[in-house]
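Everything numeric here is computed off the predicted structure, so don't read it as measured data.
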Amino acid sequence: VQLQASGGGLLQGGESLRLSCTASGSSFNNYHMGWFRQAPGKEREFVAAISRRTGSTTRYADSLEGRVTISRHNAEKTTYLRMNSLNPEDTGIYYCAARTGRMNSFDDYDQFTAYDYWGQGTLVTVSS
């Protein structure tokens, strides 16, 4: 499975962004998908996740809930991350990840160890 993230760039505080992550292969609808980010000098942190198939389950980082929306379009083999009201603390590399098997529990969605495949990341820089 190869994941290609895109949509990053330089944005102003208060703006919105939409990131995309497109997967290779023919089984995208069976992948649980997640977004993580890593700010300069910090550890990778969870942003959002969506369950496989219908995407009926979503999970968001507590600190970001209300500003972030994750969605998926199985026919396009793509998952999207929309983030509103950007601020400089949102600066970082945003990674998408896929899990190809069953997710054991809801708590696993925010664990980077739960994901089997990772994209190369897309850089988001937010200026004040």
Side-chain angles (χ1 to χ4, degrees):
V1 178
Q2 292 185 324
L3 303 174
Q4 181 70 46
S6 61
L10 177 61
L11 297 107
Q12 297 281 339
E15 290 186 320
S16 299
L17 68 76
R18 189 180 80 158
L19 303 179
S20 302
C21 175
T22 301
S24 64
S26 59
S27 301
F28 176 78
N29 62 313
N30 285 324
Y31 304 160
H32 301 275
M33 300 298 296
W35 285 96
F36 291 75
R37 69 183 183 182
Q38 188 164 18
K42 294 188 177 181
E43 295 185 350
R44 192 173 300 191
E45 67 173 354
F46 171 72
V47 176
I50 188 166
S51 60
R52 61 186 176 181
R53 298 172 189 157
T54 64
S56 58
T57 299
T58 57
R59 181 159 183 172
Y60 298 99
D62 291 343
S63 61
L64 298 174
E65 190 142 17
R67 288 203 298 130
V68 176
T69 304
I70 188 171
S71 60
R72 65 187 299 149
H73 193 305
N74 289 335
E76 295 178 353
K77 302 180 188 178
T78 300
T79 187
Y80 300 99
L81 181 74
R82 181 170 179 84
M83 184 177 290
N84 300 322
S85 302
L86 291 169
N87 60 70
E89 288 68 42
D90 295 317
T91 293
I93 301 174
Y94 284 69
Y95 299 92
C96 61
R99 178 180 175 91
T100 56
R102 178 176 171 270
M103 195 67 83
N104 293 325
S105 73
F106 183 72
D107 289 340
D108 285 348
Y109 278 103
D110 65 358
Q111 302 297 308
F112 71 85
T113 54
Y115 296 86
D116 306 306
Y117 298 95
W118 291 82
Q120 85 291 354
T122 185
L123 177 63
V124 173
T125 304
V126 183
S127 62
S128 57

Taking atom OG1 of T79 and atom CD1 of I50, what is their separation to the nearest 0.5 Å?
5.5 Å

Which heavy atom of T91 sits nearest a heavy atom of V126, and at what distance?
OG1-N, 2.9 Å

Does F28 have R72 sitting over its ring (NZ/CZ under 6.0 Å from centre, angle to axis within 45°)?
yes

Flag, side chain of T122 to backbone of A5, donor-acceptor distance under 3.5 Å
no

Between N30 and R53, a side-chain donor and acceptor under 3.5 Å:
yes

Out of curiosity, W35 CH2 to L19 CG, how far, rounded to the nearest 0.5 Å?
4.5 Å

Please enumerate all residues that pass salt bridge (Lys or Arg N to Asp or Glu O under 4.0 Å) together with D62, with sequence neighbours excluded.
none

Consider only side-chain heavy atoms of I, L, V, M, F, W and Y, link residues closer than 4.5 Å, and tell whether Y117 and I93 are in one cluster.
no

Filter on disulfide bond (SG atoms under 2.5 Å apart), then keep only pairs touching residues 30-88, sequence neighbours left out; what's left?
none

Report yes if the distance between the aromatic ring centroids of Y115 and F36 is under 6.0 Å, otherwise no.
yes

Looking at residues at least two apart in the chain, or sitting in another chain, which of them share a salt bridge (Lys or Arg N to Asp or Glu O under 4.0 Å) with R59?
D107, D110

Which residues pass the side chain to side chain contact (heavy atoms under 4.5 Å, CB included) test with D116, sequence neighbours left out?
R99, T100

On a heavy-atom basis, the closest approach of S24 and Y31 is O-OH, 4.0 Å

Could you list the donor-acceptor pairs under 3.5 angstrom formed between side-chain atoms of residues 6-16 and any protein atom two or more places apart in sequence or on another chain?
residue : atom : partner : partner atom : Å
Q12     : OE1  : S127    : OG           : 3.4
E15     : OE1  : Q12     : N            : 2.7
S16     : OG   : N84     : OD1          : 3.0

Euclidean distance, S128 OG relative to E89 CD, rounded to 0.5 Å:
9.0 Å

Please round to the nearest 0.5 Å and tell me the distance separating atom OG of S27 and atom CZ of R52.
11.5 Å

Can you name the side chain to side chain contact (heavy atoms under 4.5 Å, CB included) partners of S56, sequence neighbours left out?
S51, T54

Sequence neighbours excluded, which residues qualify as side chain to side chain contact (heavy atoms under 4.5 Å, CB included) partners of R67?
L64, M83, S85, N87, D90

Could you give the side-chain donor-acceptor pairs of residues 39-49 under 3.5 Å, partners two or more places apart or in another chain?
residue : atom : partner : partner atom : Å
E45     : OE2  : R37     : NE           : 2.6
E45     : OE2  : R37     : NH2          : 3.0

Would you give the length of the straight line joining atom NZ of K77 to atom CD of Q4, rounded to the nearest 0.5 angstrom?
14.0 Å

Could you list the residues that satisfy salt bridge (Lys or Arg N to Asp or Glu O under 4.0 Å) with E65, not counting sequence neighbours?
none

If the condition is salt bridge (Lys or Arg N to Asp or Glu O under 4.0 Å), which residues does R18 pass it with, not counting sequence neighbours?
none

Sorted by chain and number, sequence neighbours left out, ring-ring contact (aromatic ring centres under 6.0 Å, His included) with Y109 holds for H32

Could you give all pairs that pass the disulfide bond (SG atoms under 2.5 Å apart) test and reach residues 66-128, with sequence neighbours left out?
C21-C96

Smallest heavy-atom separation, I70 atom then Y60 atom, equals N-OH, 3.0 Å

Report, as yes or no, whether the 6.0 Å neighbourhood of atom CD on Q2 holds more than 12 heavy atoms from other residues, nucleotides or ligands.
no

